[in-house]
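All values reported here derive from a predicted model rather than from experimental measurement. Note that these values count all heavy atoms, side chains included, but never hydrogens, waters or copies made by symmetry. Proteins come first, then strands; the chains are lettered A, B, ... in the order of their sequence lines, and each starts at number 1.
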Protein chains: 2
Amino acid sequence: METKPTEISSSKMFGGFNKRFKHFSPTLGCSMTFHIFFPPSPSPSHKFPVLYWLSGLTCTDENFIIKSGAQRAASADGVALVAPDTSPRGLNVEGEADSWDFGVGAGFYLNATQEKWKNWCMYDYVVKELPKLLSENFSQLDTSKASISGHSMGGHGALTIYLKNLNKYKSVSAFAPIANPINCPWGQKAFTNYLGSNKAEWEEYDATSLISKYKNVSATILIDQGEDDNFVQEQLLPHKFEEACRSANVPLLLRLQPGYDHSYFFISTFIDDHIRHHAQALNL
Amino acid sequence: METKPTEISSSKMFGGFNKRFKHFSPTLGCSMTFHIFFPPSPSPSHKFPVLYWLSGLTCTDENFIIKSGAQRAASADGVALVAPDTSPRGLNVEGEADSWDFGVGAGFYLNATQEKWKNWCMYDYVVKELPKLLSENFSQLDTSKASISGHSMGGHGALTIYLKNLNKYKSVSAFAPIANPINCPWGQKAFTNYLGSNKAEWEEYDATSLISKYKNVSATILIDQGEDDNFVQEQLLPHKFEEACRSANVPLLLRLQPGYDHSYFFISTFIDDHIRHHAQALNL
């Protein structure tokens with residue numbers, strides 16, 4: 001069980017390289033894949049800041065790399081992209097693949113407390129294991145300069161991880177995040193199963209609840225939300241998050257994009273603005 | 001069997017729309033899907049010129065739309081993108097799905113002459129049926145202004161279709177085209193099965209052979225070829241095509257791109273140059 005990452009593919013794009021790696025994760029107890037996009041390097045000793053991208057339900061580490069086109073701006077701005085998978089894989093926990101919105105492909109970036117789902121610790125994987133692994137194995141990366149973004153379930157992950165680790169990430173953004181999971185069916189299903197019935201624990205993974213706790217957010221949070229996104233009213237609840245930000249005086253730029261849906265077509269249209277948002281926070 | 005196209009999906013991207021359609025094709029004798037990207041329209045009566053994109057082996061009408069990021073430049077330049085599928089589907093011809101480089105997903109943009117594969121008439125579908133269908137059903141398109149491009153097998157399709165129809169297309173470009181199929185395993189397998197043993201017929205679908213026949217090509221042909229493409233030596237043979245262009249005095253811009261492979265990561269890196277190439281020929 002090799003914890004050191006092994007390169008399993010490499011493709012040049014916009015002068016840099018998409019590279020996929022495999023490693024055994026002690027946090028999750030299984031083998032995991034992740035992608036890094038390395039921009040073209042100005043010098044052999046150059047170190048790139050890192051933008052973590054957390055994907056949504058059913059995704060792997062591949063969707064963002066294949067569909068977003070983020071590499072164009074990341075290459076131009078000199079930001080490395082790191083895309084982890086969305087849950088443990090291959091553990092064969094009973095029922096793990098019974099539904100698309102829970103279990104495999106649906107880790108919700110939390111640490112499960114229920115025995116059955118004890119391997120579902122994507123929070124620790126993203127916040128602790130992965131940055132350490134990157135810093136130990138990739139001298140081209142400066143993991144002390146990091147920002148975080150994501151889509152849908154991954155937008156929820158980005159917002160909550162950022163709010164709980166303001167010292168670790170320079171900036172956050174999200175596309176169509178599940179902004180208030182304790183009040184939507186996707187979140188309630190996942191939190192009930194992963195965390196049990198203690199609602200106080202749920203709030204620890206709810207961006208809208210966390211905002212009032214972490215009022216010392218000074219960097220503007222950028223969120224894009226498609227107005228024709230079928231999930232906006234029932235599952236995403238961006239306006240709940242907006243209200244919470246207003247009450248807590250947290251600077252939020254919530255852009256409602258007319259006609260856009262929940263897909264990567266929406267993401268690729270606005271990803272450059274997000275890369276720029278993070279590049280500025282990372283002083284590029 | 002509805003020959004009129006029915007819209008089956010629509011997603012906004014870069015201000016325009018990716019729309020997928022389904023229709024019954026009399027040419028192919030089966031139901032087919034295709035994608036159109038409509039740029040944002042400057043006025044209700046505006047008509048966009050059309051860039052046809054022909055995909056490679058195993059692809060459908062979706063790959064280019066999902067992976068290339070071509071919509072950004074197409075939106076900026078005002079070019080509609082039309083992406084057909086790569087073969088007839090659902091006919092259940094014996095052996096049609098036995099290999100990934102022949103049959104389903106591998107139409108090679110020719111008209112088969114062998115009885116068993118009589119439905120494999122992607123040449124007529126792309127050159128005749130589809131433009132007529134577009135002009136009759138989409139008032140936003142000006143199909144009299146058209147250009148053509150493609151990847152791998154689709155690059156072969158774009159080059160051969162262009163050379164045989166210089167009056168129908170203003171310009172051509174290709175990514176890693178199968179430039180001399182009669183001299184490579186992919187082409188020989190496909191042509192033997194679809195066309196039989198008459199080599200004179202093979203040459204009618206071979207870009208390198210056709211060049212000497214159609215010397216009155218005045219617009220520069222643009223080709224990008226990755227130097228780390230695993231297929232270049234055995235299957236693609238760009239230098240055979242280059243020699244033929246030189247002999248025939250046909251203007252060719254063959255760009256060898258160091259480090260790039262055969263994937264859509266390569267295509268998305270250089271697609272803007274191709275869109276620009278066609279936009280200029282279309283007088284935009």
message = Quick one, A:L282 and A:S147 - any side-chain contact, counting heavy atoms below 4.5 Å?
response = yes
query = When only pairs under 4.5 Å are counted, which of A:S268, A:S68, A:S75, A:G226 shares the most heavy-atom pairs with chain B?
reply = A:S268
query = Which residue pairs satisfy the salt bridge (charged side-chain N to carboxylate O under 4.0 Å, His left out) criterion with at least one member in residues 62-71 of chain B, sequence neighbours excluded?
reply = B:R20-B:E62
query = Would B:H274 and B:S173 satisfy side chain to side chain donor-acceptor pair (under 3.5 Å), going step by step from the backbone distance to the final call?
reply = CA-CA 7 Å; B:H274 288 242; B:S173 76; 2.8 Å; yes
task = Count the heavy-atom pairs under 4.5 Å between each of B:F270, B:F14, B:F17 and chain A, then report the option with the highest count.
result = B:F14
key: Pick from A:S11, A:G15, A:G69 with the largest number of heavy-atom pairs that fall under 4.5 Å of chain B   = A:S11
query = Going by residue number, which parts of residues 253-267 of chain B are within reach of chain A, meaning a heavy-atom gap below 4.5 Å?
reply = B:P258, B:G259, B:Y260, B:D261, B:S263, B:F265, B:F266
query = Do the side-chain N and O atoms of B:K22 and B:T6 include a donor-acceptor pair separated by under 3.5 angstrom?
reply = no
query = Who in residues 40-57 of chain B is close to chain A, using a strict under-4.5 Å heavy-atom cut-off?
reply = none
inquiry  = Is the distance between the ring centroids of B:F64 and B:F175 under 6.0 Å?
reply    = no
ask   = Between A:R72 and A:D77, does at least one N-O distance fall below 4.0 Å, as a salt bridge requires?
value = no
note = Turns out that what part of B:N63 lies under 4.5 Å from chain A's heavy atoms comes down to neither
key: Aromatic plane relationship, A:H23 with A:F34 - under 30° parallel, 30 to 60° tilted, over 60° perpendicular   = perpendicular
query = Under the 3.5 angstrom rule, does the side chain of B:T86 hit a backbone N or O of B:C59 as a donor-acceptor pair?
reply = yes
message = Could you tell me if A:S171 and A:H278 have a donor-acceptor pair between their side chains, going purely by distance under 3.5 Å?
response = yes
key: Distance-only donor-acceptor check, side chains B:S99 and B:K189, under 3.5 Å   = yes
task = Could you list the residues that satisfy salt bridge (Lys or Arg N to Asp or Glu O under 4.0 Å) with B:D228, not counting sequence neighbours?
result = none
